[in-house]
Amino acid sequence: MGKRIVVKVGSNVLTREDGKLDVTRMSAIVDQIVWLREHDYEVILVSSGAVAAGRAELHVDHHLDSVEQRQLFSAIGQVKLVGLYYNLFREYKIKIGQVLTMKENFGAEEQYKNQEACMQVMLENNVLPIVNENDTVCITELMFTDNDELSGLIAKMMNADTLILLSNVDGIYNGDPSEPTTRIIPSVYYDRDISEYILASKSSHGRGGMTSKVKTAHDVANAGIKVIIANGNTPNILINLKEHPMETLHTEFVARPLNK
């Protein structure tokens, strides 16, 4: 790993089977991010989970369409999500800052620069940025495909050394995961086509799937940034990726060498 790391945590890592937030898992992720910071790594956290948090807070006894649900539950849930992160990081005396963004912010030059400057000043002042899409105003064509896409854009904007995509799988398999002979592909070169190994199914609690992760990984690796896909449910996964990478299941997308 390099010294600036973007960690994206998916909904399937942060939610239980009943769809509610898994606070124990959140706490474990926070502990690992603290460890990284204590070992001189800058961390930017891209976190899903707002909609799940909001859905658990409010029971609605009438019909809401999908857009209304997303707006309502994300508005309620983002407060709860960041509040939980605030309390968890406060135990370590770490200050956090919330960054809610939209796809259009990466297209307009002034907004892009303002966003970059905001996150840069946070890092310079030892504040941990926690990023999520602003679901209250982002609908249909205005939305990111998912937070995989968002985390890739953040990694490139902030010139990160490594992007870690934490999901509920150990990496990319070279066949059907249910078959005993199937293995995790340990490394993928930035220009290698591995579409034959990717299932199109999406996660149960989030918008993304492995197709999205691989697309993001290729794009970011082509920009010269290493990408790791790993299992956020594995105990101490972030620490083990740093301390024992050869023994830790994951798939690494090797960054394209850049002339610097």
Side-chain angles (χ1 to χ4, degrees), residues 5-39 41-60 69-102 115 118-119 122-123 125-138 143-144 146-148 150-151 154 158 163-168 203-208 230-239 241:
I5 303 170
V6 176
V7 177
K8 181 262 178 177
V9 187
S11 293
N12 266 2
V13 176
L14 295 177
T15 52
R16 307 183 314 213
E17 288 187 7
D18 61 6
K20 296 181 180 180
L21 275 182
D22 189 333
V23 179
T24 302
R25 184 72 38 69
M26 281 183 67
S27 180
I29 296 292
V30 166
D31 292 344
Q32 295 171 65
I33 290 174
V34 170
W35 185 93
L36 288 173
R37 283 170 56 100
E38 289 174 344
H39 287 74
Y41 291 90
E42 284 186 331
V43 181
I44 298 169
L45 175 60
V46 178
S47 177
S48 303
V51 174
R55 187 177 286 115
E57 286 293 299
L58 181 68
H59 174 70
V60 179
Q69 287 186 49
R70 188 162 194 86
Q71 290 179 313
L72 176 62
F73 293 142
S74 66
I76 297 169
Q78 190 64 36
V79 177
K80 180 179 181 181
L81 183 70
V82 171
L84 284 168
Y85 277 126
Y86 173 82
N87 288 329
L88 290 168
F89 279 110
R90 185 174 61 174
E91 295 294 316
Y92 293 99
K93 296 181 171 56
I94 291 175
K95 301 291 190 298
I96 68 166
Q98 177 178 248
V99 179
L100 293 177
T101 188
M102 301 183 294
Q115 189 170 233
C118 172
M119 297 181 68
M122 290 169 72
L123 292 172
N125 287 277
N126 209 29
V127 175
L128 174 73
I130 299 182
V131 188
N132 199 0
E133 182 173 20
N134 190 349
D135 290 319
T136 59
V137 296
C138 295
M143 297 169 66
F144 297 103
D146 46 52
N147 272 352
D148 297 319
L150 170 57
S151 66
I154 293 290
M158 300 307 297
L163 168 63
I164 302 176
L165 301 174
L166 293 182
S167 184
N168 61 342
S203 59
S204 57
H205 296 301
R207 298 205 307 271
N231 196 330
N233 300 320
T234 300
N236 292 321
I237 183 65
L238 294 174
I239 297 171
L241 285 168

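Taken from CD1 in I29 to CG in N233, the straight-line distance is 8.0 Å, to the nearest 0.5 Å. How far CD1 of I5 is from CG of L36: 5.0 Å, rounded to the nearest 0.5 Å. Distance CD1/I76 to CG/L81: 13.5 Å, rounded to 0.5 Å. How far OG of S11 is from CG of D22: 12.5 Å, rounded to the nearest 0.5 Å. The structure places NZ of K8 at 13.5 Å from CD1 of I154, a figure rounded to the nearest 0.5 Å. The CG atom of L166 lies 8.0 Å from the CG atom of L241; values are rounded to the nearest 0.5 Å.
Minimum interatomic distance between S167 and V13 (heavy atoms only, all atoms of both residues): O-CG2, 3.2 Å. When all heavy atoms are compared, the tightest approach of I237 to G232 is CG2-CA, 4.2 Å. Minimum interatomic distance between A52 and G19 (heavy atoms only, all atoms of both residues): CB-O, 3.4 Å. Closest of all the heavy-atom pairs between A56 and K20 is CB-CG, 3.7 Å. The shortest heavy-atom contact between V46 and L150 is CG1-CD2, 4.1 Å. The nearest pair of heavy atoms linking M26 to L84 is CE-CB, 3.8 Å.
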*Does the pair R37 and L128 meet the rule for a side chain to side chain contact (heavy atoms under 4.5 Å, CB included), with working shown?*
CA-CA 10 Å; R37 283 170 56 100; L128 174 73; 3.9 Å; yes

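Among residues at least two apart or in separate chains, side chain to side chain donor-acceptor pair (under 3.5 Å) pairs with a member in residues 26-36 are D31-Y92. Counting only residues at least two apart or in different chains, side chain to side chain donor-acceptor pair (under 3.5 Å) contacts with residues 43-59 comprise S47-Y85, S48-N147, E57-K80.
Contact of the M119 side chain with the V131 side chain is registered, since non-hydrogen atoms from C-beta on lie closer than 4.5 Å. Annotation: side chain of I44 is not in contact with side chain of M122 (no heavy-atom distance under 4.5 Å).
Although no hydrogens or angles enter the test, the distance criterion places no donor-acceptor pair under 3.5 Å between the side chain of N125 and the main chain of V127.
For the side chain to side chain contact (heavy atoms under 4.5 Å, CB included) test, residues two or more places apart in sequence or in another chain that qualify with E42 are R4, L123.
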